[in-house]
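In what follows, every heavy atom counts, from backbone to side chain, and hydrogens, waters and symmetry copies are set aside. Lettering of chains follows the sequences in order, A, B, ..., and the numbering in each one begins at 1.
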Amino acid sequence: MKSPFVCGNKPLLLWCLVVCLAQIGTARTWAAGEDNMIHLVAYPDPPYMIDQEGSARGLVIDVVTLLFKRTDLPFNIAFMPPKRALQTALFSKNHCVLAIERSQERESQFAWVSPLVISRHALYKKNTSKIELLTLGDARRYAIGSFLGSGAGEYLEGRGFNVDLVADDDLNLKKLRAGRIDLWATDTISVSWHNQFAQQDVELALVFLTTLRSMGCHLSINPDWIARLHEELLLMYKDGSINLIYEKYSSEGFKWLLNDAGD
Amino acid sequence: MILSLVLVALPTHAQVTDDQIYSFIDDLFTPSTLSRRQQFDELKWFSEAAKPYAGMTIYVVSERIDTHEYEATALSRAFYELTGIKVIHELTGEDDLLRKLLAQSETGVNIYDAYVNDSDLIGTHYRSDQVVALSDFISGDGADVTLPTLDLDDFIGLRFTTAPDGKLYQLPDQQFANLYWFRYDWFNRKDLKQRFKSLYGYDLGVPLNWSAYEDIAEFFTVHVRELEGRRIWGHMDYGKNDPSLGWRISDAWLSMAGMGDVGLPNGIPVDDWGIRVEGCRPVGASVSRGGALDGPAAIYAINKFVDWFKYAPPEAPYLNFTEAGKWVSTGQIAQQIFWYTAFVAQASQPGLPIVNQDGTPKWRVAPSPLGVYWDDGMKSGYQDAGSWTILKSTPLERRKAAWLYAQFTVSKSVSLKKTIVGLTPIRKSDLFSDEMTRRAPQYGGLIEFYRSRGRDVWTPTGTNVPDYPRLSPLWWQHISKAVSGELKVQQVMANLASAMDEELAAIGKTSKSHCAPQLNLKVDPSIWLNRPGAPKAKRNERPPGKTVSYEESIRVWQ
């Protein structure tokens, strides 16, 4: 007796053919979807990248969302710890890591879209503090708090300053208020985020460093897409779109770059 | 909700008094080539010219060397007290600085009001239309903020920052060269001299050619091995897979081997990167297009670079420029063919094993030995000229304030003291001052070099390179494969030349400059090799070694 699942009779054969073709069609669509999707991997870094109950928000998220919308390229965003995010983009096709430093060591490891974020880093003090800083050298005698992975903390450490690095920048604000550190090194956008519930008791003492962060993409990504994203990003700077995004997070738009009462 | 934080209110800057200006002069800016009264007049000019900009904060960036540390701490403070303009003077690595300059050019965002950027980018800057031509600015919008006593003729490096269009694009702030460094005391020991002569048949002295350098390296590493109770080496270098490996080569190593053409400052028409130009257009780096980057001279240069690691400490191939720089001060190195004079201050510190008790160094710097392909009339080595550069994206008022600060840091009121601190001279008047004559014995030959025509024959990267930030990573990405042994040198240079040509072609496609690259068609390399000039056909790469005494070697510079 022939098995009903052996495609020996005509109706079944036809049925098999239809099902098989449908599967192939679906598989092709699925593969094309995977190939055409750019997977962005972010790591928690408020206010730049925030994973809030499965929803991504933050300054960098706003920039890339607008960027991909303008270039009409499909993307999704997932959050993971920073090291894993970097490794994922390095080794997984069609993945890009958000907002990392574009060093020469990394230059040839990724395809770049930059600059995604321009940050000014500053030293903050309690507004009751008598500390006066005119140059960075004036800060050598003080205990400075910063957070691991900020770049700024590592920069100061590398230059021989007395830096205490912690995993959470919120802790630095607490330590500053408690007098356990004299100065807090952080960036001028983040400081508003960390102080959002408080007290007007912290003030900027000195800007000391500017950093750029970029999107680093796996080298498999279509170079034309990279070029399109890069060109569109530059247009977004020139037409004021990036400035509008910054205004959401800092009251003065690109004036955050000036960051001085005198200007 | 974003709360606005209280921004620090700087104390209102009171106009500086004449007494305060004289205090600056006496406490901070002595010695100077200007009289006290002349210094007062200059500094007074700054305080008056800066009045419209008092209260402004400007942002500038430079690389991290002693000279810029001095500017960022002492000079920026003095400038604020003099003018009321606050200067955030950031220090960073040169590659990071370049990335920021590029970001500002591309986005139009005014990240910095001025950069101290190497004049290696002169070719990039004059083609890009992004950089303010300072000569135009001085006679135009910036006339009211240009120091009357700036005295451009007094600058020794203006030729490096002037483009083929005759315009000055950058103003030198600091300069240092790459010279031959050696232990003058060891080279003068009778026992070592006799032993060297018996082994090699000629005198131990400053090597004139690479054969002699190699013999001396072998002598100290293999035969002498130990001095003053310590293991010593006849060579030091660095080869880590890192951006500084790129500069190790592109800072004229191939020209020292003799790869390029004669003609200053960089070789005409083939320069120290092996790039040929026709008119002002780069036409190729491969020999098949008339360049020299994969020719016999370039291959010889990299072969020697890699081979000589056998005479250096075993760590050397794994060190970068900063890490390797500390070795010379340990007292274990007899000579180093490629040594930046930016390290002179470090190597002159009292108490080091390489410094005498009276503060004079046991070492000297001398002209670098040259490879077999080098011909008379070629550049002899590399000189760095970190120079003030202002982008057109900087708004005019901020540009003027930044220009005031830039001029302050190089003014005659300040420059001699700054040179003493950082040993990166920029002015003739400082170099030939009595103060420098008095100090010269402490600096191992640095002043003698800078007083001589040598300062014109050691030159930065030139105008054949159309986009330095884009092309410079190619060096370390390819040369690292030769250091690791992953590829043979010939293959590495073929790959590098091909990659350089690809990038030149890509630049040419998108650039609107009339000096954009336009590649030659490829032909049989022998056609180019058989013509006079670069690319040069193979020569005898191991002629007998030649040396001269140190005193004779510096006479060459006179």
Residues in salt bridge (Lys or Arg N to Asp or Glu O under 4.0 Å) with B:K418, at least two apart?
-> B:E71, B:D173
Output the option from B:K100, B:Q477, B:R77 having the highest count of non-hydrogen pairs under 4.5 Å with chain A.
-> B:R77
Chain A: which of B:V61, B:N241, B:T73 shares the most heavy-atom pairs with it under 4.5 Å?
->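 Highest number of pairs under 4.5 Å: B:T73.
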Given a strict heavy-atom distance threshold of 4.5 Å, which part of B:E106 is in contact with chain A: side chain, backbone, both, or neither?
->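 B:E106 touches chain A through backbone and side-chain heavy atoms alike.
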Atom group of B:L91 that falls short of 4.5 Å from chain A, counting heavy atoms = both
Which class fits the ring pair A:W184 and A:Y124: parallel under 30°, tilted 30 to 60°, perpendicular over 60°?
->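 Ring orientation, 0 to 90° scale: tilted.
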Please collect all disulfide (SG to SG under 2.5 Å) contacts where either partner lies in residues 214-244 of chain A, sequence neighbours excluded, each pair once.
-> A:C96-A:C217
Interchain contact, A:R159 with chain B, by part (heavy-atom threshold 4.5 Å) =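 Side chain of A:R159 only, per the 4.5 Å heavy-atom cut-off to chain B.
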Given the rule in the side-chain contact (heavy atoms from CB on, under 4.5 Å) test, do B:L474 and B:E503 qualify, once you have shown the distances and angles that lead to the verdict?
-> CA-CA 9 Å; B:L474 294 177; B:E503 288 297 321; 4.0 Å; yes
Step by step, work out the ring-ring contact (aromatic ring centres under 6.0 Å, His included) result for B:Y59 and B:Y112.
-> CA-CA 5 Å; B:Y59 294 81; B:Y112 295 102; 7.3 Å; no
